[in-house]
Amino acid sequence: MAVAELSTSCTKTHSSQLSLSSSSSSRFSHHFRRSFRPLPTTRNPTISCSVASDQVQTPIPVQAQDLKGKSECYGVFCLTYDLQAEEETKSWKKLINIAVSGAAGMISNHLLFKIASGEVFGPNQPVALKLLGSERSIQALEGVAMELEDSLFPLLREVSIGINPYEVFQDAEWALLIGAKPRGPGMERADLLDINGQIFAEQGKALNASASPNVKVIVVGNPCNTNALICMKNAPKIPAKNFHALTRLDENRAKCQLALKAGVFYDQVSNMTIWGNHSTTQVPDFLNARIKGLPVKEVIKDHKWLEEEFTEKVQKRGGVLIKKWGRSSAASTAVSIVDAIRSLITPTPEGDWFSSGVYTNGNPYGIAEDIVFSMPCRSKGDGDYVLVKDVIFDDYLLKRIKKSEAELLAEKRCVAHLTGEGIGFCDLPEDTMLPGEM
Ligand SMILES: NC(=O)C1=CN([C@@H]2O[C@H](COP(=O)(O)OP(=O)(O)OC[C@H]3O[C@@H](n4cnc5c(N)ncnc54)[C@H](OP(=O)(O)O)[C@@H]3O)[C@@H](O)[C@H]2O)C=CC1
Ligand SMILES: O=C([O-])CC(=O)C(=O)O
């Protein structure tokens, strides 16, 4: 249903007089109304509308200067109105709140439109997008919100934008943390860990204070494993299991390379684990992966290629792409975020698994505890996961896993000041790269 098709009558009230609660999801489930967030200041009157006449009231759009520390509904998403009769009969689920940081960045520019279209959470799942930007990006964020308005997505029921994570993360059930400072020329990995770590410490605190207690958090901004650890440590109320570092792009890249070498379409490659850090120490596991249900080593006999070329290709794929494109992977990263979410909300196919950077406590592989490490996971589709037990190791795999583990342990020591575990001390084994760096 296009918003413009509605005939609407509106009344203006001041936000202090509104009886609507800030929990839009409960409102939504009761009334099947287009929901809205009341403007939290009395500067602008809030407009509430219901379908009654042929008048349409123009909502007051949020202006950049209004957004100091506030998260506010944007433009048409400030309207509320009754759904048309045929919409009310739809079996839509309860609205879910999805917070996205770095929302004006390149990855988000692909991701937000996929979420709003229903491609991620399904055709019966209305969504509210809560977009986090900064003073630097607020104009661009308004541009993003305008494009979302103009897309007329029926499932997109709310959009709010803001620069204060405590406001933006309010009641979030998913937090997709994409915003981070890119590593510039001459910048040490240690500096990046500190600068971005501070962003994720702050966002962890904000999630702890404001988000839904069972919020699922996917950290994309690099260095994503250690950022996820920092975020988790600053959010003690949220279960540690709910934090993920995105390694799904690496899994997808590895599947593509194996398919290419074996001469099969990539849907024939399964059981692909990425172990470890989203860096050039990551380990794409060709020992446990399968092609057409067979062990990779039975299909690809060139084991030297697997150990040397394949592994390095996956580890450095992002960097090769940057050289071609002049910027890092954005569309394929957005696709992999969609894959990562869908893997948690749909049951994993029998016998298969997916990779995610998750908290190591209690892992069955002997990997050091208290880090975020990419490992093989399965889900029942309830947002949760279990680690896969039946994987095998050989000396090659173990040696590589140890290297990535050592790197993550060193990164953890480096950010001790951000996890509440003392003074940060950086003795990184070598200045390893993000996949996008060469
Ligand atoms: N895990 C993975 O597989 C992958 C991870 N990445 C990582 O995702 C992140 C985002 O990538 P992408 O969307 O392409 O990047 P962009 O540069 O397009 O956007 C990044 C956003 O980060 C925010 N940001 C936060 N702090 C700073 C800062 N100090 N300086 C500059 N920008 C800052 C900016 O938004 P604002 O001003 O609103 O805060 C900016 O819009 C990067 O860290 C990248 O390395 C990329 C590809 C794959
Ligand atoms: O280094 C980057 O920003 C890009 C990245 O993570 C990747 O391509 O895997």
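Note that ligands are numbered from 1 as they come in the structure, with each ligand's atoms numbered from 1 the same way. Small disclaimer: the values here were computed from a predicted structure and weren't measured.
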#### Entry: Check against side chain to side chain donor-acceptor pair (under 3.5 Å), Asn227 and Asn222
CA-CA 7 Å; Asn227 288 341; Asn222 277 318; over 6 Å; no

### Query
After noting the C-alpha distance and the side-chain angles of Asn242 and Asn214, does the key distance pass the side chain to side chain donor-acceptor pair (under 3.5 Å) rule?
CA-CA 7 Å; Asn242 290 18; Asn214 198 26; 2.9 Å; yes

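For atom 22 (O) of ligand 1, the closest non-hydrogen atom of the protein is Ala180 N, 3.0 Å. From the protein, the heavy atom lying nearest to atom 30 (N) of ligand 1 is Lys181 CG, 3.6 Å. Distance from atom 35 (O) of ligand 1 to its nearest protein heavy atom, with residue and atom name: Gly102 CA, 4.1 Å. Protein heavy atom in closest approach to atom 5 (C) of ligand 1: Val220 O, 3.1 Å. In terms of protein heavy atoms, atom 46 (C) of ligand 1 is closest to Ile107 CD1, 3.6 Å. The nearest heavy-atom contact from the protein to atom 37 (O) of ligand 1 is Ser134 OG, 2.5 Å. In terms of protein heavy-atom proximity, atom 17 (O) of ligand 1 is closest to Pro182 CG, 4.5 Å. When hydrogens are left out, the protein atom nearest atom 47 (C) of ligand 1 is Thr333 OG1, 3.3 Å; that is the closest non-hydrogen contact.
Per-atom contact check: atom 40 (C) of ligand 1 does not touch the protein, criterion being a heavy-atom distance below 4.0 Å.
Residues Pro126 and Arg157 come closest through the heavy atom pair CB-CG, 3.5 Å. Closest non-hydrogen pair, Leu418 versus Asp194, comes out as CD1-O, 4.0 Å. Taking all atoms of both residues into account, the shortest heavy-atom contact from Ser343 to Arg248 is OG-NH1, 2.8 Å. Between Phe113 and Ser151, the shortest heavy-atom contact is CE2-OG, 3.7 Å. Contact record, Tyr359 with Met375: O-CE, 3.9 Å, taken as the closest heavy-atom pair.
For atom 25 (C) of ligand 1, the candidate residues are Arg136, Arg327, His278, Arg253; the nearest heavy-atom contact is made by Arg136. Closest to atom 2 (C) of ligand 2 by heavy atom, among Asn222, Val314, Leu249, is Asn222.
The Ser137 neighbourhood of ligand 1 comprises atoms 36 (P), 37 (O), 38 (O), with distances under 4.0 Å to a heavy atom of that residue. The Arg253 neighbourhood of ligand 2 comprises atoms 7 (C), 8 (O), 9 (O), with distances under 4.0 Å to a heavy atom of that residue. Within the listing of ligand 1, atoms 8 (O), 9 (C), 10 (C) sit less than 4.0 angstrom from a heavy atom of Ile178. Atoms of ligand 1 found under 4.0 Å from any heavy atom of Cys224 (numbered from 1 in listed order, with element): 1 (N). Heavy-atom proximity to Gly318, at under 4.0 Å, picks out these atoms of ligand 2: 8 (O). Ligand 1 places these atoms under 4.0 Å from at least one heavy atom of Gly133: 38 (O). Residue Gly221 has at least one heavy-atom neighbour below 4.0 Å for each of these atoms of ligand 1: 8 (O), 9 (C), 43 (O). Near Gly105, meaning under 4.0 Å from one of its heavy atoms, ligand 1 places the atoms 13 (O), 18 (O), 19 (O), 41 (O).
Here Ser329 has backbone heavy atoms under 4.0 Å from ligand 1, and that is the only part of it that gets that close. With a 4.0 Å heavy-atom cut-off, ligand 1 is reached by no atom of Asp250. Under 4.0 Å from ligand 2, not a single heavy atom of Gln282 appears. Only side-chain heavy atoms of Leu249 come within less than 4.0 Å of ligand 1; its backbone N, CA, C and O stay farther off.
Under the 3.5 Å distance criterion, the side-chain polar atoms of His303 are matched with a main-chain donor or acceptor of Lys297. A donor-acceptor distance shorter than 3.5 angstrom exists from the side chain of Asn196 to the backbone of Lys181, with no hydrogens or angles considered. In terms of modelled atom types and a separation under 3.5 Å, the side chain of Glu421 and the main chain of Ala416 share no donor-acceptor contact.
At least one N or O atom of His278 sits closer than 3.5 Å to an N or O atom of ligand 2. Geometrically, ligand 1 and Asn222 share a nitrogen or oxygen pair separated by less than 3.5 Å.
Annotation: cation-pi geometry satisfied between Lys241 and Tyr385 (NZ/CZ under 6.0 angstrom from ring centroid, within 45° of ring axis).
The side-chain heavy atoms of Val217 and Leu177, taken from C-beta on, include a pair separated by under 4.5 Å. In this structure the side chain of Gln282 never reaches within 4.5 angstrom of the side chain of Trp275, judged on heavy atoms. Residues Leu176 and Ser101 form no side-chain contact, since every pair of their non-hydrogen atoms from C-beta on lies 4.5 Å or further apart.
A side-chain hydrogen bond (donor to acceptor under 3.5 Å, both in side chains) with His278 is found for one member of Thr247, Asp250, Thr226 and no other, namely Asp250.
Between Tyr396 and Phe286, the two ring planes are tilted [angle within 30° to 60°].
Proximity of Ala330 to ligand 1 is not established, as no heavy-atom distance is less than 4.0 Å. Distances from ligand 2 to the non-hydrogen atoms of Arg317 include no value under 4.0 Å.
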